[in-house]
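Right, one structure below, let's go through it.
Read the numbers this way: they start at 1 and go in the same order the structure lists the ligands and their atoms. These numbers were taken from a predicted model, which means no experiment stands behind them. For the single chain, residues carry numbers from 1 onward in sequence order.
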Amino acid sequence: MMSDSQRFPHDHSSRLVDVSNLSVNYGQTTALEGASFHLCPREFVAIIGPNGAGKSTLLKAMLGLVAFRGTVQFAQNLQPKPTEQIAYVPQARALDWAFPLTVWDVVMMARVRQIGWLRRASQVDREIVIHALERADLMDLRTRSIHDLSGGQRQRALLARMMAREAKLLFLDEPFHGVDTPTQNRILELLEAERQAGKGILMVTHDLEAARNWCSHILLVNQTVIASGKPEKVYTPENIARTFSRGAS
Ligand code: ADP
């Protein structure tokens, strides 16, 4: 049987999002210049690069959170509000964990967009939240204040919230920050299950080995896209040197 790519060699309609010539400045600082790549369903992409390379900025531009030049074209089936089809897990250290919320509250927040602020959560919403908590091994901690969670438990709470969104695109910014190896592996297993369910995933990480072992594609970034593709193609000494050496881009 022919694969889709053989039948439709030039068909771009299967792409969830197409980023072309994306540039972002913060005042005098150029964070990104001419970045291009695309993401398809069932792709789990690691975004890798040094600190200050523009990795977070890339996610934020695609989410419409920062102004950019260039184009971010989402698939037709994600219209008319494509950014609402993205579940975004920001850096845990950028969030306020002193806020008086339980684990249950945080995960239920994922359903607010569907429920609306003024209506009560339905039984379906509650079942979706319970399922996400179970997958993240957090049912026992559901009434705990988020303030009292460990680093790994916080990342799992954010992951449960992401899964409860039931979005087609998943963006994660350093989901392994502050977690031990078993938790990191659990997070990667959950993301792989999401990929198999047809999601497109973009994940900023500093863990090159985990990316090689788990991700279908790698995006090397240093102010622009240095290289993109399958790990074995992208992880060349030249590409790594261009990504991580000073002034490489
Ligand atoms: P990374 O995620 O790869 O560490 P960022 O996207 O956070 O990189 O940042 C890229 C560049 O843009 C850095 O030089 C950073 O200092 C700068 N930058 C990021 N956010 C802002 C901001 N809100 N205001 C000004 N400069 C910023």
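For the side-chain hydrogen bond (donor to acceptor under 3.5 Å, both in side chains) condition, the pairs that include at least one residue of residues 36-49, sequence neighbours left out, are R15-H38.
With sequence neighbours excluded, the residues that form a salt bridge (Lys or Arg N to Asp or Glu O under 4.0 Å) with E192 are R195. Evaluation of the salt bridge (Lys or Arg N to Asp or Glu O under 4.0 Å) rule for K60 yields no partner, not counting sequence neighbours.
Around ligand 1, the residues contributing at least one heavy atom under 4.0 Å from the ligand are Y26, T29, A31, P50, N51, G52, A53, G54, K55, S56, T57.
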Evaluate side chain to side chain contact (heavy atoms under 4.5 Å, CB included) for R165 paired with R111, printing each intermediate quantity in order. CA-CA 6 Å; R165 276 288 307 280; R111 306 302 307 162; 5.9 Å; no

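Taking a 6.0 Å sphere around CD of E134, one finds it holds more than 12 heavy atoms contributed by other residues, nucleotides or ligands.
Remark: E174 engages R93 in a salt bridge, criterion side-chain N to carboxylate O under 4.0 Å.
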